[in-house]
Every structure is written in structure tokens, then in C-alpha cells.
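Notes follow once the structure below has been shown.
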Protein chains: 2
Amino acid sequence: MNDVNPRPPADPPPLTASVVFRLGTLGSVVTARFTEALAALGLKPKHVGLMVALDSGAPPSQLELARTMAVAPSLVVALADHLQQIGAVDRVRDPADRRRQVLALTGTGRALLADCTALARRLDEELTASLGASEREALRRTLGVLGVEAGLPTGD
Amino acid sequence: MNDVNPRPPADPPPLTASVVFRLGTLGSVVTARFTEALAALGLKPKHVGLMVALDSGAPPSQLELARTMAVAPSLVVALADHLQQIGAVDRVRDPADRRRQVLALTGTGRALLADCTALARRLDEELTASLGASEREALRRTLGVLGVEAGLPTGD
DNA sequence: TATTGTTATACTCTATAACTATA
DNA sequence: TATAGTTATAGAGTATAACAATA
């Protein structure tokens, strides 16, 4: 009762217990699954990112989109090239400033984005199947809060 | 009260509301931060992954480590080369089967891993500063559950 | 002949830099 | 001269394939 060493010195939580580690590793696994599923639609995650940005009303010039997405402008060119090729976006020169290319989702693009959304929803169900409804919602909500703080698009 | 359209057709939750999207994007942001912080220690995330695997008692041959980490054996060679160079791991031929290289964390390696852990803890605090203690724990725990299901190392 | 580790090579993703057209 | 977009090039990260040593 007045032991010199009442309890063994509980070793500190390991790296694997940190939110950073768990979020990073699980995010990578989940992104790999999403990437694989997207392949059936001929898309990569960044294509989806561009469509999401357009859909959520981001300024539609390529350079502004690059800033929004935090990627290089040259990458937006490649992403837009592909999305235009499959008819998912329109790309028109801004008549007011003919240097600018203004991107816009087409009907096809919106349908494609809806397909991606359905796909994500299906993966969500698989991923969170073992969680209770309230746990799942708490997770979604907390991730949303942290996402907003990190400047990520987080509609709801 | 018997309206034809009692409520506007609530449009379905957007892609950005999915756990898959939020986990993927936030994971990527968090990993970027961790990567940046690790640079001060001369490490990349995969080096940490290898140390974590060794620390948690994974079978220590390079090929088995490659399987554990789900990376190519050639990558383990490069990671082990670097960790050995900085004195973080010992690499000895298994006398029972001289084809095998057996890796083991050194004292230096354990200290380095502790530094990485401290670093993750600091990032955790920054990341989750806006969350209440119970929210933060719920997040950590739920991520742990999903991580275990995905086969990730998740000590606690 | 099969397996472990290593080396050589190639591929994917993305950025930086050089360039063109427009302002 | 500065800016939007494009093209050319390069780098990081990682895998695949060929190879060497050991079983």
C-alpha cells in the first residue's frame, strides 16, 4: 500500500495510437480502395476532386481551380483535358479575358459525379459496417469538422 | 397540409459528406504534415512504418516485413539501408538460414521511434485542438477499430 | 529448383520551368 | 511587362523484373 512502485510505469501510448498515424494509414487504405473503384469509371481521385470543386461553386478558371485544389496549374490542364474528352466538362474561353479558360460541369459530368458519390456511399457502408449508427455519424461529423479546419471541401 | 410536395426533395448527401472522401482527403493532409515534420529527423513515413513493424514484433526478415507492410521487397531493402546507415537498425544474417537478413531496432532506433511518437503526439494536439476530450477519444478509438479491420498496426 | 535479398529498370504522380497567347 | 494556360522536363516514390546467393 505504500509501495515504492505502486504500479508499473505505464509506457506512453505508442505511435500507432495517435490520431495522426491512424488517420494517415487508414486514409491511405481507403483512398486505395476508392481509386480502384473509380477505375471502372475511367477516373482518378484528382479528376473527382476537380469535379467536386466545380460542383461546389469554386471559381472556375483553371488557375483558380489549381489554387483551390492546391495542385500545380499544369495538373489542372491534364485533368481538364481528360474530363473534357469524356464530355464531363465544358471548357470555354472567357470572352472578357481571352486568356482564361472557364470550366463547367456538363450534364454528363454531373451524372458522373453522382456515380462517384454512389460509389463512395457503397464503400462507406462496407468500411463502417461494424460501427453503430451513432458512432458512424460521430466519425463523419468529426472528420467534417477537422476537414473544414484544414480547408477541405466539406459539404453536408 | 396535404400538399403535393410536402417538402422539397432533399438532395442526396454530396460526395464530400462521405467518410471515404473525408478520411481520404484529411488523411492526405495529415500525412503531408507528418512527412514535413519527419524531415527534421531525416526520415520518411515508410521508415517509420518499418520501425513500427519491428517495434511491434513483426517477423523480422525483410521479406516478411515487406508482406507485413504491403510494400515491395525492394523497398524494404532501401528503407533498411537507410535505417542501418543511421544506426537505427541492426541487420544480421540469420545463421540458421543465411539467405535471411534479420532486422532489429537498436537503442538508437528505439529513441528515434520515440521521437517520432512525440512528434505525432504534438501534431495530434494541433489537429484535434478544437475537439472536446471525449470527441477526440471517440475519434481515436473508432479509427483504431477500422484500422484493425483493415489490417493496420493499431497498438493502444 | 525454390527462396531471400539485391540491383536495374520502369512507371505513376506531380511539380517546376520554359513557352505562347493575351492583357 | 504581367498573367492564364500549355508543354516539356524532372523528381519522388514505388513497383516489376532480372540477378546472386543460399537452401
Side-chain angles (χ1 to χ4, degrees), chain A residues 24-25 27-29 31-39 42-50 53-54 58-85 89-104, chain B residues 24-25 27-29 31-39 41-51 53-54 58-85 89-104:
Chain A
T25 51
S28 154
V29 167
T31 296
R33 287 186 202 168
F34 190 48
T35 302
E36 188 181 23
L38 278 177
L43 297 176
K44 306 280 174 66
K46 297 261 146 139
H47 294 120
V48 179
L50 179 48
L54 287 173
S61 90
Q62 293 188 187
L63 210 54
E64 287 168 309
L65 285 164
R67 282 191 278 262
T68 300
M69 298 173 65
V71 300
S74 56
L75 180 54
V76 175
V77 173
L79 297 173
D81 280 354
H82 182 240
L83 290 175
Q84 185 180 28
Q85 227 162 24
V89 302
D90 276 339
R91 196 191 222 162
V92 302
R93 291 248 167 231
D94 183 348
D97 180 347
R98 296 182 33 70
R99 291 172 304 179
R100 292 184 178 238
Q101 298 265 45
V102 174
L103 302 184
Chain B
T25 51
S28 154
V29 166
T31 297
R33 287 187 202 169
F34 190 49
T35 302
E36 188 181 22
L38 278 177
L41 300 175
L43 298 176
K44 306 279 174 67
K46 298 262 146 137
H47 294 120
V48 178
L50 180 47
M51 290 195 290
L54 288 173
S61 90
Q62 293 187 186
L63 210 54
E64 287 168 309
L65 285 165
R67 282 191 277 262
T68 300
M69 298 173 64
V71 299
S74 57
L75 181 53
V76 175
V77 173
L79 296 173
D81 280 353
H82 182 241
L83 290 175
Q84 186 181 28
Q85 227 163 24
V89 303
D90 276 339
R91 197 192 222 162
V92 302
R93 292 250 166 227
D94 182 345
D97 181 346
R98 295 183 34 70
R99 290 172 304 181
R100 293 183 177 237
Q101 297 265 45
V102 174
L103 302 183

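Residue numbers start from 1 in every chain, and the chains themselves are labelled A, B, ... in the order their sequence lines are given, proteins ahead of strands. As the structure is a computational prediction, the values presented were derived from the model and not from experiment.
A distance-only check finds no donor-acceptor pair linking the side chain of A/Arg100 to the backbone of A/Arg93 [under 3.5 Å]. Between the side chain of B/Ser28 and the main chain of B/Gly24, no donor-acceptor pair closer than 3.5 Å is present.
Under 4.0 angstrom from either OP1 or OP2 of C/dT6 there lies at least one side-chain N or O belonging to B/Arg91. Contact between the side-chain N/O atoms of A/Lys46 and the OP1/OP2 oxygens of C/dC13 is not found at any separation under 4.0 Å.
Between the C1' atom of C/dT22 and the CZ atom of A/Arg93 lies a distance of 9 Å, rounded to the nearest Å. The separation between B/Leu103 atom CG and C/dT4 atom P is 14 Å, rounded to whole Å. To the nearest angstrom, C1' of D/dG11 lies 11 Å from NZ of B/Lys44. Atom CZ in B/Arg67 sits about 17 Å away from atom C1' in D/dA15, given to the nearest Å. The interatomic distance linking A/Leu79 (CG) with C/dA15 (C1') rounds to 13 Å, in whole Å. The separation between B/Arg100 atom CZ and C/dT3 atom C1' is 9 Å, rounded to whole Å. A/Gln62 has its CD atom 15 Å from the P atom of C/dT22, to the nearest Å. Going from atom CG of A/Leu65 over to atom P of D/dA4 covers 13 Å, rounded to whole Å.
Out of D/dT16, C/dT16, D/dG5, the shortest distance to the side chain of B/Ser74 is found at D/dT16. In this structure, of D/dA23, D/dA4, D/dT7, it is D/dA23 that holds the atom nearest to the side chain of B/Asp97. For B/Leu63, taking side-chain heavy atoms from C-beta onward, the closest of the listed nucleotides C/dT14, C/dT4, C/dA8 is C/dT4. Across D/dT6, C/dA23, D/dT14, the shortest atom-to-atom separation from the side chain of B/Leu75 is found for D/dT14. Of the candidate nucleotides D/dA15, D/dT7, C/dA23, C/dA23 has the atom nearest to the side chain of A/Arg99. With distances taken from any side-chain atom of B/Arg98 to the nucleotides C/dG5, D/dG5, D/dA23, the minimum falls on D/dA23. Minimum atom distance to the side chain of A/Val77 is reached by D/dG5, of the listed D/dG5, D/dA15, C/dT6.
For the pair B/Gln101 and A/Pro95, both in contact range of DNA chain C, the more 5′-proximal nearest nucleotide belongs to B/Gln101. Along DNA chain C, the nucleotide nearest A/Ala96 and the nucleotide nearest A/Ala70 are compared for position; the residue whose nucleotide lies closer to the 5' end is A/Ala70.
Residue B/Val71 is classed as a sugar-phosphate contact, given heavy-atom separations below 4.0 Å to backbone atoms only.
Of all heavy-atom pairs spanning B/Ala80 and B/Leu103, the tightest one is CB-CD1, 3.9 Å. A pairwise comparison of heavy atoms in A/Gly42 and A/His82 identifies O-CE1, 3.0 Å as the closest pair.
Among B/Gln101, B/Arg91, B/Arg67, the one residue that satisfies the side chain to side chain donor-acceptor pair (under 3.5 Å) test with B/Gln62 is B/Arg91.
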